[in-house]
**Student:** 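Just dropping this structure here.
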Amino acid sequence: MKNIDKKVVDDFGKEWEKYNQKISSKTNFNNELKSAWNQYFDIFPFDDLKEDAQGFDMGCGSGRWAQFVADKVHTLNCVDPSEKALNVAKKNLLEFQNVNFYNASVNDEVLEKNSQDFGYCLGVLHHIPNTLDGIKACSKLLKKDAPFLLYLYYNLENKPFLFKLIWRVSDLIRKTVSPLPSYIKELITVLIAYFIYFPIARFALLCHRMGINVENFPLTDYKNKSFYFMKTDALDRFGTRLEKRFSKQEIIDMLTVSGFKDIKFSEGNPRWVCLSKKS
């Protein structure tokens, strides 16, 4: 496969097998997952899509976002380089007859050029060797004026020094933890979720309820999220060998050179989520 780090792909396959994000009878988790989906898709123009619209979920992982998109569109093409992840997605999306699955990378050209009415790629392209090439590959698949939703890790450009310092420490931990065997990684990241994510996030929730601005608190986005979410994202964050971060301007520049226009960013978390159109 083109433009992948095989070890990163293997790691994500194991992650989605362990935390499959399946919607179940647990109402609270269903609501929480839908709330997280809304954080990404609140700027996406579903109402502007045609009735026969087909599009792609690039790097679909477990299908956790696809399960909220599939019933809003005519056809959804789920693409992922990890066979393990794709098998999890197939199980999670079993009830949908309008979803196609492709075991491929973003640069493998399994979909026809200029064939897609929309596309999204969330939390994927900062984990591949060449992010710009990945964006260009997505652009080639889209029709003119088709919307494209992208989420890339931001470089903390708008955060204070202390916040950035904490991130640097966490990144050193990531570089130490991520090459370890899977079972050790999973154990360590559960401990990180329990002893770091959970108490800091709940402290941010307490401060928020007291009327304190928690925008610059570490892990504030987890203040209302369950421990399951924290475990998943701790493994995602600290178990990943390859991670890149971008400023808002860098994302604009990459989208522009890849043939996108009308770029706008979501003002909420996570950052940066942005919507653009194929030129």
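No hydrogens, no waters, no symmetry mates; every other heavy atom, side chains included, goes into these values.
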**Student:** Using the benzene-type ring in the case of Trp, are the ring centres of Y40 and W65 under 6.0 Å apart?
**Tutor:** yes
**Student:** Quick one: do K136 and N107 satisfy side chain to side chain contact (heavy atoms under 4.5 Å, CB included)? Show the steps, please.
**Tutor:** CA-CA 9 Å; K136 288 180 178 179; N107 286 94; over 6 Å; no
**Student:** Which of parallel (below 30°), tilted (30 to 60°) and perpendicular (above 60°) describes F217 and F203?
**Tutor:**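 Judged by the thresholds at 30° and 60°, the geometry between F217 and F203 is parallel.
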**Student:** Please check this pair: side chain of S279 against backbone of G259, looking for a donor-acceptor N/O pair closer than 3.5 Å.
**Tutor:**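 The answer is yes, because a donor-acceptor pair under 3.5 Å joins these two groups.
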**Student:** Indicate the atoms forming the closest heavy-atom contact of D108 with K2, along with that distance.
**Tutor:**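 Taking D108 first and K2 second, the nearest heavy atoms are OD1-N, 3.1 Å.
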**Student:** Quick check against the 3.5 Å criterion: does T240 have a side-chain atom that pairs as donor or acceptor with the backbone of D236?
**Tutor:**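 Yes, because the side chain of T240 sits within donor-acceptor range (under 3.5 Å) of the backbone of D236.
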**Student:** Begin with the C-alpha distance, continue with both residues' side-chain angles, and end with the deciding distance and a verdict on side chain to side chain contact (heavy atoms under 4.5 Å, CB included) for N114 and K278.
**Tutor:** CA-CA 10 Å; N114 306 309; K278 171 75 173 291; 3.5 Å; yes
**Student:** Side-chain contact test, heavy atoms from C-beta onward, threshold under 4.5 Å: evaluate it for N38 versus K34 and give yes or no.
**Tutor:** yes
**Student:** Identify whether the distance between the nearest side-chain nitrogen and carboxylate oxygen of D171 and R174 falls below 4.0 Å.
**Tutor:** yes
**Student:** For the side chain of S139 and the backbone of S258, is there at least one donor-acceptor N/O pair under 3.5 Å apart?
**Tutor:**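 Yes: the side chain of S139 pairs with the backbone of S258.
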**Student:** Counting only heavy atoms not in K185 (residues, nucleotides, ligands), do more than 12 fall under 6.0 Å from its NZ?
**Tutor:**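 It does: K185 NZ has more than 12 such atoms within range.
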**Student:** Tell me if a side-chain donor or acceptor on T176 pairs with a main-chain N or O of L172 at a distance below 3.5 Å.
**Tutor:** yes
**Student:** I'd like to know if D5 and R241 make a salt bridge, using a cut-off of under 4.0 Å between side-chain N and carboxylate O.
**Tutor:** no
**Student:** For the CZ atom of R168 and the OG atom of S170, what is their distance to the nearest 0.5 Å?
**Tutor:** 10.5 Å
**Student:** For the residue pair Y153 and K244, what are the closest heavy atoms and their distance?
**Tutor:**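 Closest approach of Y153 to K244: CB-O, 3.5 Å.
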**Student:** Which atoms form the tightest heavy-atom contact between N213 and E215, and what is the distance?
**Tutor:** OD1-N, 2.9 Å
**Student:** May I ask you to check whether over 12 heavy atoms, not counting those of H126, lie within 6.0 Å of atom NE2?
**Tutor:**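 Counting other residues, nucleotides and ligands, NE2 of H126 exceeds 12 neighbours.
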**Student:** Hydrophobic cluster membership, with links at side-chain heavy-atom distances under 4.5 Å among I/L/V/M/F/W/Y: are L165 and W167 in one?
**Tutor:** no
**Student:** Quick check: are there more than 12 heavy atoms from other residues, nucleotides or ligands sitting under 6.0 Å from CD of E83?
**Tutor:** no
**Student:** More than 12 heavy atoms of other residues, nucleotides or ligands under 6.0 Å from NZ of K261: yes or no?
**Tutor:**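 More than 12 heavy atoms, drawn from other residues, nucleotides or ligands, come within 6.0 Å of this atom.
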**Student:** For the side chain of N103 and the backbone of P81, is there at least one donor-acceptor N/O pair under 3.5 Å apart?
**Tutor:** yes
**Student:** For a side-chain contact (heavy atoms from CB on, under 4.5 Å) with F56, tell me which candidate from L111, V110, V106 qualifies.
**Tutor:** L111
**Student:** Do C121 and I135 come within less than 4.5 Å of each other through their side chains, counting heavy atoms only?
**Tutor:** no
**Student:** Is any side-chain heavy atom of S82 less than 4.5 Å from a side-chain heavy atom of V9?
**Tutor:**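 With C-beta onward as the side chain, the pair touches.
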**Student:** I need the minimum non-hydrogen distance between S276 and I263, along with the two atoms involved.
**Tutor:** CB-CG1, 3.8 Å
**Student:** Would Q249 and D253 count as having a side-chain donor-acceptor pair, cut-off 3.5 Å?
**Tutor:** yes
**Student:** Nearest 0.5 Å, please: how far is CZ in F260 from CD1 in I251?
**Tutor:**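 That separation rounds to 13.0 Å.
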**Student:** Please say yes or no: joined through hydrophobic side-chain contacts below 4.5 Å, possibly via intermediate residues, are I188 and F198 part of one cluster?
**Tutor:**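 Looking at the clustering, F198 is in the same group as I188.
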**Student:** Taking the hydrophobic residues Ile, Leu, Val, Met, Phe, Trp and Tyr, and joining any pair whose side-chain heavy atoms are under 4.5 Å apart, which ones share a cluster with V8?
**Tutor:**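 Direct or chained contacts put V8 with F12, W16, L242.
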**Student:** Taking the six-membered ring for Trp, are the ring centroids of Y120 and F44 within less than 6.0 Å of each other?
**Tutor:**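 Ring-ring flag for Y120/F44: false, centres at least 6.0 Å apart.
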**Student:** Under 3.5 Å, is there a donor on one side chain and an acceptor on the other for Q54 and N100?
**Tutor:**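 Judged by distance alone, the side chains do not pair up.
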**Student:** Quick check against the 3.5 Å criterion: does N92 have a side-chain atom that pairs as donor or acceptor with the backbone of R64?
**Tutor:**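 Pair absent, no side-chain N/O of N92 close to backbone of R64.
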**Student:** Under 4.5 Å between side-chain heavy atoms, counting indirect links through other Ile/Leu/Val/Met/Phe/Trp/Tyr residues: same cluster for Y222 and L191 or not?
**Tutor:**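 Looking at the clustering, L191 is in the same group as Y222.
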**Student:** Could you state whether F246 and L150 fall into the same hydrophobic cluster, counting links through intermediate Ile, Leu, Val, Met, Phe, Trp or Tyr residues with side-chain heavy atoms under 4.5 angstrom apart?
**Tutor:** yes
**Student:** How far does CG of L275 sit from CD1 of I43, to the nearest 0.5 angstrom?
**Tutor:** 5.0 Å
**Student:** L125, L255: one ILVMFWY side-chain cluster at the under-4.5 Å cut-off?
**Tutor:** yes
**Student:** Show your reasoning for whether side chain to side chain contact (heavy atoms under 4.5 Å, CB included) applies to I192 and R237.
**Tutor:** CA-CA 11 Å; I192 289 173; R237 172 72 181 87; over 6 Å; no
**Student:** Between E250 and W272, is there a side-chain donor-acceptor contact under 3.5 Å, judged purely by atom types and distance?
**Tutor:**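 Looking only at side-chain atoms, E250 and W272 do not form any donor-acceptor pair under 3.5 Å.
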**Student:** Go through the steps to decide whether N98 and H74 satisfy the test side chain to side chain contact (heavy atoms under 4.5 Å, CB included), and finish with yes or no.
**Tutor:** CA-CA 7 Å; N98 62 331; H74 185 271; 6.0 Å; no
**Student:** Just how far is it from atom CG of N155 to atom OG of S247, taken to the nearest 0.5 Å?
**Tutor:** 5.0 Å
**Student:** Closer than 4.0 angstrom, basic N to acidic O: yes or no for D10 and K6?
**Tutor:**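 Here D10 pairs with K6 in a salt bridge, since their nearest N and O are under 4.0 Å apart.
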**Student:** Taking all non-hydrogen atoms of both residues into account, name the closest pair between K164 and K159 and its distance.
**Tutor:**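 It is CE-O, 3.2 Å.
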**Student:** Taking the cut-offs as 6.0 angstrom to the six-membered ring centre and 45 degrees off its axis, would you call K231 and Y19 a cation-pi pair?
**Tutor:**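 Here K231 fails the 6.0 Å and 45° test against Y19.
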**Student:** With a 4.5 Å limit on heavy-atom distance, are the side chains of M58 and L141 in contact?
**Tutor:**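 Heavy-atom side-chain distance check passes, below 4.5 Å.
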**Student:** How far does CG of D57 sit from CZ of F118, to the nearest 0.5 angstrom?
**Tutor:**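 One gets 9.0 Å once the value is rounded to the nearest 0.5 Å.
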**Student:** Is it true that, when you exclude F46 itself, more than 12 heavy atoms of the residues, nucleotides or ligands shown sit nearer than 6.0 Å to its CZ?
**Tutor:**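 Above 12, so yes.
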**Student:** To check you understand the geometry: which heavy-atom pair defines the closest contact between C78 and L86, and what is its length?
**Tutor:** O-CD1, 4.1 Å
**Student:** How far does CG of N77 sit from SG of C60, to the nearest 0.5 angstrom?
**Tutor:**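 It comes to 10.5 Å.
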**Student:** Measure from the ring center of F68 to the ring center of F41 and say whether it is less than 6.0 Å.
**Tutor:** no
**Student:** Determine yes or no for a side-chain-to-main-chain donor-acceptor pair under 3.5 angstrom, with N3 supplying the side chain and I128 the backbone.
**Tutor:** no
